[in-house]
There are 2 protein chains.
Amino acid sequence: MQKEVTIYDIAKLLELSPATVSRALNDHPAISSSTKSLITSKAKEMGYRSNLFASNLRRQRTNTIGVIVPRLDSAFMSTVLAGMEKIANKSNYNLIISQSLESVKKEVANAKTMFDSRVDGLLVSLAADTDDLEHFNTFFRKGIPMILFDRVMPQKNCTNIVIDNVKAGYDATMHLLDQGCQQVMHVTGNVKRNVYADRLKGYKMALFDRGLPLSDEYIRLTDLTRQAGLDLASHIRQMAMPPDGLFIASDFCAASCMGALRQYGFTIPDDIAVIGFNNDPVSQVVEPNLSTIHYPGQEMGEIAAQTLINHLNGLLHLSTTNSILLNYELIIRQSSQRVKTP
Amino acid sequence: MQKEVTIYDIAKLLELSPATVSRALNDHPAISSSTKSLITSKAKEMGYRSNLFASNLRRQRTNTIGVIVPRLDSAFMSTVLAGMEKIANKSNYNLIISQSLESVKKEVANAKTMFDSRVDGLLVSLAADTDDLEHFNTFFRKGIPMILFDRVMPQKNCTNIVIDNVKAGYDATMHLLDQGCQQVMHVTGNVKRNVYADRLKGYKMALFDRGLPLSDEYIRLTDLTRQAGLDLASHIRQMAMPPDGLFIASDFCAASCMGALRQYGFTIPDDIAVIGFNNDPVSQVVEPNLSTIHYPGQEMGEIAAQTLINHLNGLLHLSTTNSILLNYELIIRQSSQRVKTP
DNA sequence: TTTGAAAAAGCAATCGGTTGCATAAAAAGA
DNA sequence: TCTTTTTATGCAACCGATTGCTTTTTCAAA
């Protein structure tokens, strides 16, 4: 366990002051370029590495970004994190990642930890049952920037990064209608969350635009798990008037439902056309391949991280942008394609 | 932006020394319990929070664990991370996570970043083309503990956490043979990595134990992607003697291959029985449901983190345990079940 | 040669806890 | 009551980099 090299060691060796060494290593303009190169080369030679804690302590910043997500183990979220990590790494920031497991209580605790770790900024996707952002007040008060992504909530001075879920829901529904569906059913998650509320809104708008009636019977709120998909299928089987179109707000749930429906004797897409959401890898391996809305996870992570870092480096003021909309993409595969194009 | 409360503020208010306050907050035995409760309550009242940097600077440790994984966006890895996060959070450790994207070069860079961030310990799963652990020498030299998990490599003083991939591969193959398969094909990844090499070894052992011949034609090395699964299917279709059993070292690849095989007219499991690996969520939604080896991701993450933290807290010496084996589980589903049990 | 401004480098305080050692106070024993 | 232990607290030196301000050096203009 060898001793660490400090700027004092370098200073002593070169008969300079620690102040000069520090400035040289930070490329301060008041240091002559000859001294600078002398110092940097000596530092490298001695295997010097800066002590971040001393630096952080003095400068009151940490080069660390806190990330709070509902779950780490979802296909979508892991691509988001991958994107964030890529950018953060490139810009010399560290990521501290924690999961709320969809509980406000844990989210509050995580926020506290992040605060105590003195993160420079925060990237958050909200838990299912989060009602307000009070637990982030400590951050707002101290002027620590925070960006909400995907699961967002309007908030002053807090940029949101999302796709247009209303429009995506509208497009998905419209696509099913265009395939000749008469009765489209929508299955979604907790409508407390914007993503699900918005998709539902889009669904309703599409029906409305086509002059179709809206019925509560064709709207189901579930937890979008595999089990929910199975339950849904058995429910549909027992309906007097089963839907002939199914828009499910999650690919994974859609895939499991589709499997069960087929076992019950439904043909897809002819009896029931199905479209999911997220472009989860699973959508390409289920039979038939699942139509979906491509959700740009990696990109969302990259943009969230980059925006935050730009703000921290003073390149951009977050207050000027309140919302960033990413493009999504309707991907049509066999599960919904009735009208064959030649 | 209000001023932070420090132990000095508390000390002044209570007319005590900062040292006493510090000790009280750390539950030092030399402080009377009455003073302790006085100080802690005052601290809470004033909204004091410890400055980790000052503390880290002085104590030369960071309460931070570095994690390097090949990819963040894999179902398996995200469950591992979820497990690590859970334990780390509970034990008051932070996680710095980075991905090597399967490249040694990035792994080396990540290791350097971790070192500069002065992590207390390291949890690593190796990139596909990592040949040695030289880039971790800095850690070994400084006595910073490191645990390898899943993608490991034997190394002195470095605990490995794995499942018995040889045995798992053996069991998977044996299961297919028990279902009456005569020609079992094995498809795996880069055999530089223990996980794939070991599964292959298990496959070979099973054939050997049954007195079956080993043929290179029935062993394919791929990158285990969706595309690889499709290619594999079209390859099998063109084989003079297609296999009647298929052991693929990844569920996702297996699922995509299975879909293509069915399109080519193969019946599963009757023409070809298929088993995957990992118990990826996808295995439960593909048609037919995919048999697999359950890989305890969450548990692996939890154990890796807990073991490291125990070591850091002096509760356990890593050098005493060189390898931790977790249990896996053979999960039989429709894709391989020919012999029906009544 | 002197003067002055600009450029380069140094001084010393600071960030906020931690900890070995010294000291004071209280309790126990003589 | 006086000494010895034990217990509780304080002193002050760190940890290592940063930065406002001062001082020294350099170099050109007067």
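Chain A is the first sequence line, chain B the second, and so forth, proteins listed ahead of strands; every chain is numbered from 1.
- Of all nucleotides listed (D:dT9, C:dG17, D:dG16), C:dG17 comes nearest to the side chain of B:T6.
- In this structure, the CD1 atom of A:I10 is 13 Å from the P atom of D:dG16, given to the nearest Å.
- In this structure, A:R118 reaches neither bases nor backbone, as no heavy-atom distance under 4.0 Å exists between it and the strands shown.
- Straight-line distance from the CZ atom of A:R61 to the P atom of D:dT19: 11 Å, rounded to whole Å.
- At the phosphate of C:dG17, OP1 or OP2 sits under 4.0 Å from a side-chain N or O atom of B:Y48.
- A salt bridge is defined here as a Lys NZ or Arg NE, NH1 or NH2 lying under 4.0 Å from an Asp or Glu carboxylate O, and A:K142 with B:E4 meets this definition.
- Contact annotation: A:Q60 reaches the phosphate of C:dG16 (side-chain N/O to OP1 or OP2, under 4.0 Å).
- Panel note: side chain B:E102, backbone B:A128; a donor-acceptor pair is recorded below 3.5 Å.
- Atom CG of A:D27 is separated from atom P of C:dA8 by 13 Å (rounded to the nearest Å).
- Listed candidates were D:dT19, C:dG17, D:dA17. Nearest to the side chain of A:R23 is D:dT19.
- Residue A:R58 has its side chain nearest to D:dT18 when only C:dA9, D:dT18, D:dT9 are considered.
- At the heavy-atom level, B:N56 lies nowhere under 4.0 Å from the strands shown.
- With hydrogens and angles ignored, the 3.5 Å screen pairs a side-chain donor or acceptor of A:R193 with a backbone N or O of A:T130.
- What separates CD1 of A:I31 from C1' of C:dA8 is a distance of 7 Å, to the nearest Å.
- With DNA chain D read from its 5' end, the first of the two nearest nucleotides for B:P29 and A:T20 is the one closest to B:P29.
- For the pair A:N26 and D:dT18, the criterion of a side-chain N or O lying under 4.0 Å from OP1 or OP2 is met.
- Whole-Å rounding puts the B:L57 CG to C:dT14 P distance at 17 Å.
- In this structure a side-chain-to-backbone donor-acceptor pair under 3.5 Å is present from B:S125 to B:F149.
- Contact annotation for B:L25: no contact, since no heavy-atom pair falls under 4.0 Å across all strands.
- Along DNA chain C, the nucleotide closest to A:K36 and the one closest to B:N51 are compared, and the more 5′ of them pairs with A:K36.
- Relative to the side chain of A:A19, the nucleotides C:dC21, C:dC11, C:dA9 differ in distance, and C:dC11 lies closest.
- The residues A:K192 and A:D131 are annotated as salt-bridged, a charged nitrogen and a carboxylate oxygen being separated by less than 4.0 angstrom.
- OP1 or OP2 of D:dT7 has not a single side-chain nitrogen or oxygen of B:S32 nearer than 4.0 Å.
- What separates CD of B:E4 from C1' of C:dT14 is a distance of 16 Å, to the nearest Å.
- Residue A:S22 is in base contact, counting any heavy-atom pair closer than 4.0 Å across all strands shown.
- Separating the CG atom of A:L52 from the P atom of D:dA17 is a distance of 10 Å, rounded to the nearest angstrom.
- Neither OP1 nor OP2 of C:dG16 sits under 4.0 Å from any side-chain N or O of B:S55.
- Residue B:I7 is classed as a base contact, given a heavy-atom separation below 4.0 Å to a base.
- The shortest distance between the side-chain N/O atoms of A:S17 and the OP1/OP2 oxygens of C:dC11 is not below 4.0 Å.
- The CD-C1' distance, from A:E15 to C:dA9, rounds to 14 Å in whole Å.
- Within the nucleic acid shown, B:F53 has no heavy atom closer than 4.0 Å to any nucleic acid atom.
- Mapped onto DNA chain C by nearest heavy atom, A:L16 and A:Y8 fall at different nucleotides, with A:L16 at the one closer to the 5' end.
- Under 4.0 Å is where a charged nitrogen must lie from a carboxylate oxygen, and between B:E85 and A:R71 no such pair does.
- A salt bridge is absent between B:K90 and B:E302: the closest approach of a Lys/Arg side-chain nitrogen to an acidic carboxylate oxygen does not fall below 4.0 angstrom.
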